[in-house]
**Student:** 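Sharing a structure with you now.
The chain is numbered in sequence order, starting from 1. Not measured: the values here are computed from a predicted model.
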Amino acid sequence: LYIAAWNGHLEVARVLIEAQANVDQPRESGATPLFIAAQKGYLEVARVLIEAQANVDQPMKDGWTPLFVAAQKGHLEVARVLIEAQANIDQAMNNGVTPLYFAAWSGYLEVARVLIEAQANVDQPMDDGETPLYIAALNGHVEVARVLIEAKAHLDQPDEDGRTPLFYAAQFGHLEV
């Protein structure tokens, strides 16, 4: 099932599911078929796995979940399907990173919007205090920063070194932020 998900083979995945393949069987890394479908952006494979009761929040060993990787890769429709299936939008990795943080870091505006609309915590910090707004400002992702601010993200929430999103926007010359 993992290989079918890796290659986007929808019909093979269906046949394997009908034959009672374990939809949550992880690889050594902890990656499940749903994680791989989310990583590759295979929407229909992800849907079939979810319909077969795949665990939408099963993390890899490092804490990555299907929603994390969909957000990090910008797979908007996969992220939507996972959210509709009640994926935990604020589940943090081992270092505190959330799906919204990944969307902000990568500049995926629409993924960030979907997460915010689903009530993701716009101020949830990583272990070092960085927030989604912090990383959007640091990377110069103006539109993502704008939607975070519209969602009431704190403009002056410092990281562990006391630096704020505004500090990083200024340091790296991101005037529009």
**Student:** Rounded to the nearest 0.5 Å, what separation is found between the OH atom of Tyr101 and the CG atom of Asn95?
**Tutor:** 8.5 Å
**Student:** Which of these, Leu67, Ile89, Ile116, sits in a side-chain contact (heavy atoms from CB on, under 4.5 Å) with Leu100?
**Tutor:** Ile116
**Student:** Can you tell me how far apart NE2 (His75) and CG (Leu82) are? Round to the nearest 0.5 Å.
**Tutor:** 11.0 Å
**Student:** Any donor-acceptor pair under 3.5 Å linking the side chain of Asn94 with the backbone of Asp62?
**Tutor:** yes
**Student:** Could you please spell out the steps behind the side-chain contact (heavy atoms from CB on, under 4.5 Å) verdict for Leu133 and Val122?
**Tutor:** CA-CA 8 Å; Leu133 181 57; Val122 296; over 6 Å; no
**Student:** Counting N and O atoms only, with roles assigned by atom type, does the side chain of Asp90 sit under 3.5 Å from a partner on the main chain of Ala120, one being a donor and the other an acceptor?
**Tutor:** no
**Student:** Please work out which of the three classes, parallel, tilted or perpendicular, describes the rings of Phe35 and Trp64, given edges at 30° and 60°.
**Tutor:** perpendicular
**Student:** Quick one: are Tyr108 and Lys73 in side-chain contact, heavy atoms under 4.5 Å?
**Tutor:** no
**Student:** With rounding to the nearest 0.5 angstrom, report the CZ to CD distance, Arg113 to Glu150.
**Tutor:** 7.5 Å
**Student:** Has His9 got more than 12 heavy atoms of other residues, nucleotides or ligands less than 6.0 Å from its NE2?
**Tutor:** yes
**Student:** Asp57 and Gln91: side-chain contact (heavy atoms from CB on, under 4.5 Å), yes or no, with the steps?
**Tutor:** CA-CA 8 Å; Asp57 289 323; Gln91 184 171 339; 3.4 Å; yes
**Student:** Tell me if a side-chain donor or acceptor on Ser29 pairs with a main-chain N or O of Ala31 at a distance below 3.5 Å.
**Tutor:** yes
**Student:** From Trp105 CH2 over to Met126 CE, what is the distance, rounded to the nearest 0.5 angstrom?
**Tutor:** 11.0 Å
**Student:** So which atom in Gln72 and which in Phe102 form the shortest heavy-atom distance, rounded to 0.1 Å?
**Tutor:** CG-CD2, 3.7 Å
**Student:** When you look at Tyr134 and His154, which way does the side-chain contact (heavy atoms from CB on, under 4.5 Å) test go after all the steps?
**Tutor:** CA-CA 10 Å; Tyr134 177 103; His154 290 99; over 6 Å; no
**Student:** Taking the side chain as every heavy atom from C-beta outward, state whether Asn22 and Leu1 have any pair of such atoms under 4.5 Å apart.
**Tutor:** no
**Student:** Closest approach of Ala71 and Pro99, non-hydrogen atoms and distance?
**Tutor:** CB-O, 3.4 Å
**Student:** Do you know which two heavy atoms are closest between Ile135 and Glu130, and how far apart they sit?
**Tutor:** CD1-OE1, 4.1 Å
**Student:** Of all the heavy-atom pairs spanning Val144 and Ala136, show the shortest one and how long it is.
**Tutor:** CG1-CB, 4.0 Å
**Student:** What is the distance from atom CD of Gln58 to atom CG of Asp24, rounded to the nearest 0.5 Å?
**Tutor:** 4.5 Å
**Student:** Is there a path of hydrophobic side-chain contacts, each under 4.5 Å between heavy atoms of I/L/V/M/F/W/Y residues, joining Val15 to Trp6?
**Tutor:** no
**Student:** Have Gln25 and Tyr2 got a donor and an acceptor in their side chains that come within less than 3.5 Å?
**Tutor:** no
**Student:** What's the separation between atom CG in Asn7 and atom NZ in Lys40, rounded to the nearest 0.5 Å?
**Tutor:** 7.5 Å
**Student:** Do you know the tightest heavy-atom contact between Glu110 and Leu76?
**Tutor:** O-CD1, 3.6 Å
**Student:** Stepwise, does the side-chain contact (heavy atoms from CB on, under 4.5 Å) test hold for Leu155 with Thr164?
**Tutor:** CA-CA 7 Å; Leu155 299 172; Thr164 65; over 6 Å; no
**Student:** Minimum heavy-atom separation for Ala4 to Ala13, with atom names?
**Tutor:** CB-N, 4.0 Å
